[in-house]
Amino acid sequence: MTIPTRHDWTTEEIQTLLELPLMDLLWQAQTVHREANPGYRVQLASLLSVKTGGCEEDCSYCSQSIHNSSDVSGFEAQMRVEPVLERARAAKEAGADRFCMGWAWREIRDGKQFEAMLEMVRGVKGMGMEACVTAGMLTDDQAERLADAGLTAYNHNLDTSPEHYDKIISTRTYEDRLETLQRVRKAGVTLCSGGIIGIGETLRDRASMLQVLASMNPHPESVPVNGLVAVEGTPLEGQQPFEPLELVRMVATARILMPHARVRLSAGREQLSREAQILCLQAGADSIFYGDLLLTTGNPDVEADRQLLADAGVQANWQNNASSLVNQAPAST
Ligand code: SAM
Ligand code: DTB
Ligand code: SF4
């Protein structure tokens, strides 16, 4: 069977998938995933916040917005090139094959800091890893310069549906977001774009966001699925925790809609049991963030993740170059 790639999914069809009995949804997702990724290979991506806090946007989930009162004073506000590359080297040694760098900016500005960003991208690529940047809006020229530096992917999430968007962010529009993605695509850099669950959205909103992603042609190469990390000091701090099986449903549906995208099980893993994470891998997630920190919040530690992957019997992409995962014994006896 060859999996058909469609760009004409309707929101109704997608909502129907999200609402399927879980076993039926998992069966469909697995059928697609087994064909698209027969080895169940999982990419390990490490994240680093290069520029932390002080962002002018008012994203209501984010610890780094000046509109919120979260404490990010423990982080270095702006890292320099060499320490960033040292962290990239360490991530590679630990087994990551993608290094993602974040800047808490509304948009990229030209100047010293942008030149440093380009140097970081060249450095990460020079180590043989994929390089990803997330830094807000950008111009065509900046996108081209990032492409010339060798950038693999630019992360810019839709976060939620067009309908729910203005309840979450008021300082930029959905249209701004889509335009940035088009600029990135035009420059020949791959797209990393996804969203968050647990931010007060309805099932319809989830379907609607997935519809926007699935109607892109080509599909984004990478689709992060985040569960809200309710950070103190943000308007969403008191939000009801997301239901783990809802995250499984999002992953499974994203896999069915975008068979060849990397579906990234992103923020929120600390709130998931090992079993729920394994269900996500089974449902079609083929990447995790690897390393003890996301940007400003925690992530499962490296040893726990190695054990998780070994217990799930999935292979990390880099496995051919490293031995530690291959030799890891299952946790249970
Ligand atoms: N400033 C850039 C931007 O917004 O595109 C890049 C950094 S931003 C932190 C990257 C993405 O992380 C957001 O779009 C959002 O989807 C996700 N994110 C941020 N804070 C989160 C949280 N508390 N819980 C879950 N996901 C979060
Ligand atoms: C994405 O979708 N999730 C990552 C990455 N892209 C940049 C970021 C998650 C951030 C979680 C909250 C924090 O650590 O501050
Ligand atoms: Fe946070 Fe990015 Fe929004 Fe700034 S633009 S507040 S860094 S999510």
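Just so it is clear, the values below take in all heavy atoms, side chains as well, and ignore hydrogens, waters and symmetry mates. Here the structure is a predicted model, which is why all the values come from computation and not from measurement. Indexing begins at 1, ligand by ligand and atom by atom, following the structure's order.
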Does the ring center of H219 lie less than 6.0 Å from the ring center of H260? no
Counting heavy atoms only, name the option from N299, L294, T297, L48 that's nearest to atom 12 (C) of ligand 2. T297
Per-atom contact, atom 8 (S) of ligand 3, protein heavy atoms, under 4.0 angstrom: yes
Determine whether any heavy atom of W103 lies closer than 4.0 Å to an atom of ligand 3. no
Going by chain and residue number, what protein N/O/S atoms come nearer than 2.8 Å to atom 4 (Fe) of ligand 3? C55 SG
In terms of atom number and element, which parts of ligand 1 are under 4.0 angstrom from non-hydrogen atoms of W103? 1 (N)
Can you name the atoms of ligand 1, numbered from 1 with element, that are less than 4.0 Å from a heavy atom of W105? 1 (N)
Ion pair present between D311 and R274, side-chain N to carboxylate O less than 4.0 angstrom? yes
Below 4.0 Å from any atom of ligand 2, is there a heavy atom belonging to V229? no
Considering the heavy atoms of L228, write down every atom of ligand 1 situated less than 4.0 Å from one of them. 24 (N), 25 (C)
Give the contacting part of R172 toward ligand 3: side chain, backbone, both or neither, where contact means a heavy-atom distance below 4.0 Å. side chain
For ligand 1, is any non-hydrogen atom under 4.0 Å from L295's backbone (N, CA, C, O), its side chain (CB onward), both, or neither? side chain
Record the part of R177 in heavy-atom contact with ligand 1 below 4.0 Å; permitted values are side chain, backbone, both and neither. side chain
H156: numbered ligand 1 atoms lying under 4.0 Å from its heavy atoms: 5 (O)
Just to confirm my output: which protein heavy-atom neighbour is closest to atom 3 (N) of ligand 2, and how far is it? N226 OD1, 3.0 Å
Which residue owns the protein heavy atom closest to atom 10 (C) of ligand 2, what's the atom, and how far is it? L295 CD1, 4.1 Å
